[in-house]
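Take a look at the structure set out below.
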Amino acid sequence: MKLILLPLLLCSTLEVSFAMTVHIQFMVVKLRSTLTPVAMESLPGRDLMNCATLCALRPACFGFGWLQGRLCRFFDRLAFSSTDGWQVSESCDVYTKIVDSQKQTRLKFGSCKQSTTIESSVCDRAIDGNRNQNYTHLSCSHTDNNPIEWWEGQLAAPSFVSYVTIYNRQDCCAGRLNKFSLLVDGVECNRVNMTESFSVASFSCNAIGSRVRV
Ligand SMILES: *[C@@H]1O[C@H](CO)[C@@H](O)[C@H](O)[C@H]1NC(C)=O
Ligand SMILES: *[C@@H]1O[C@H](CO)[C@@H](O)[C@H](O)[C@H]1NC(C)=O
């Protein structure tokens, strides 16, 4: 996976909201469909629940179809952005993940690391609970200024990451964080490319895993 991240300045606090793995649900989006997305992976499957569980355990899996009695087909999120490109299939029901927003909880990072550190602005400053967005007040992490830099937090357990909220530094240079990717367990869940800088913003992700990288 190529990171498109440019100089990274994460300020203060990085928060993740999620629904616990036990709350992951799937819904039918197409009944007895004879057109399905192109599968990113196929595996033998006992039944519908077996396919749902296997999909829930795959960070990149956003939906699945079960070919009666034998095969789970897994689809990534991109496959659902449009039905152009769906291919003729043996009839099956197509499911996608849903996240119960009522059950969203804020996730906590247990530890973190980052590609490089300057001015002793260690990765932990991004998750110290202090949301001050003035870098000089020592609550922001700071990497070096190389083409590819990153910050990564480790969650206690694999979780459904609905979105990531970032508090950007505001004393200067906020535009350095206009282009970046969000990854969960090494799989890209969002690619951000903005022309305007932000102060505080939430970026959708909707992937399951325990390592969240910006
Ligand atoms: C950031 O903090 C420094 C030191 O307290 C202060 O001089 C500066 O004005 C602050 N910048 C902003 C944008 O608030
Ligand atoms: C960001 O968007 C601009 C146009 O809006 C495009 O020219 C550029 O290639 C994009 N950059 C990345 C890294 O996707």
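- In this structure, S210 and D185 have side chains that are in contact, with non-hydrogen atoms separated by less than 4.5 Å.
- Listed by first and then second residue, the salt bridge (charged side-chain N to carboxylate O under 4.0 Å, His left out) pairs involving residues 192-208 amount to none (not counting sequence neighbours).
- With sequence neighbours left out, the side chain to side chain donor-acceptor pair (under 3.5 Å) criterion links D171 to R169.
- Residues satisfying the side chain to side chain donor-acceptor pair (under 3.5 Å) test with E41, not counting sequence neighbours, are R58.
- In this structure C112 satisfies the side chain to side chain contact (heavy atoms under 4.5 Å, CB included) test together with C123, D124, I127, W151, sequence neighbours excluded.
- Listed by first then second residue, pairs satisfying ring-ring contact (aromatic ring centres under 6.0 Å, His included) with a partner in residues 185-207 read F180-F203, F198-F203, not counting sequence neighbours.
- Residues passing the disulfide (SG to SG under 2.5 Å) test with C92: none are found, sequence neighbours excluded.
- Across L138 and D128, no two heavy atoms sit closer than the pair O-OD2, 4.4 Å.
- Among residues at least two apart or in separate chains, there is no salt bridge (charged side-chain N to carboxylate O under 4.0 Å, His left out) pair with a member in residues 59-68.
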Can you list, pair by pair, the side-chain donor-acceptor contacts under 3.5 Å of residues 33-40, counting residues two or more places apart and other chains?
residue	atom	partner	partner atom	Å
S33	OG	L35	N	3.1
S33	OG	L35	O	2.4
T36	OG1	R73	NH1	3.2

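- Considering only heavy atoms from C-beta on, H142 stays 4.5 Å or farther from T117 through its side chain.
- Under the rule for a salt bridge (charged side-chain N to carboxylate O under 4.0 Å, His left out), D47 has no partner lying at least two apart in sequence or in another chain.
- A search for side chain to side chain donor-acceptor pair (under 3.5 Å) contacts involving E119 returns Y135, not counting sequence neighbours.
- When all heavy atoms are compared, the tightest approach of K108 to L155 is O-CD2, 3.4 Å.
- A single hydrophobic cluster is not seen to contain both F26 and L71; linkage of ILVMFWY side chains at heavy-atom distances under 4.5 Å, directly or through other members, places them apart.
- Aromatic rings from F74 and F64 are positioned such that their centres are separated by 6.0 Å or more.
- Residues forming a side chain to side chain contact (heavy atoms under 4.5 Å, CB included) with T96 (at least two apart in sequence, or on another chain): M27, V29, F62, F80.
- Residues forming a side chain to side chain donor-acceptor pair (under 3.5 Å) with R70 (at least two apart in sequence, or on another chain): E90.
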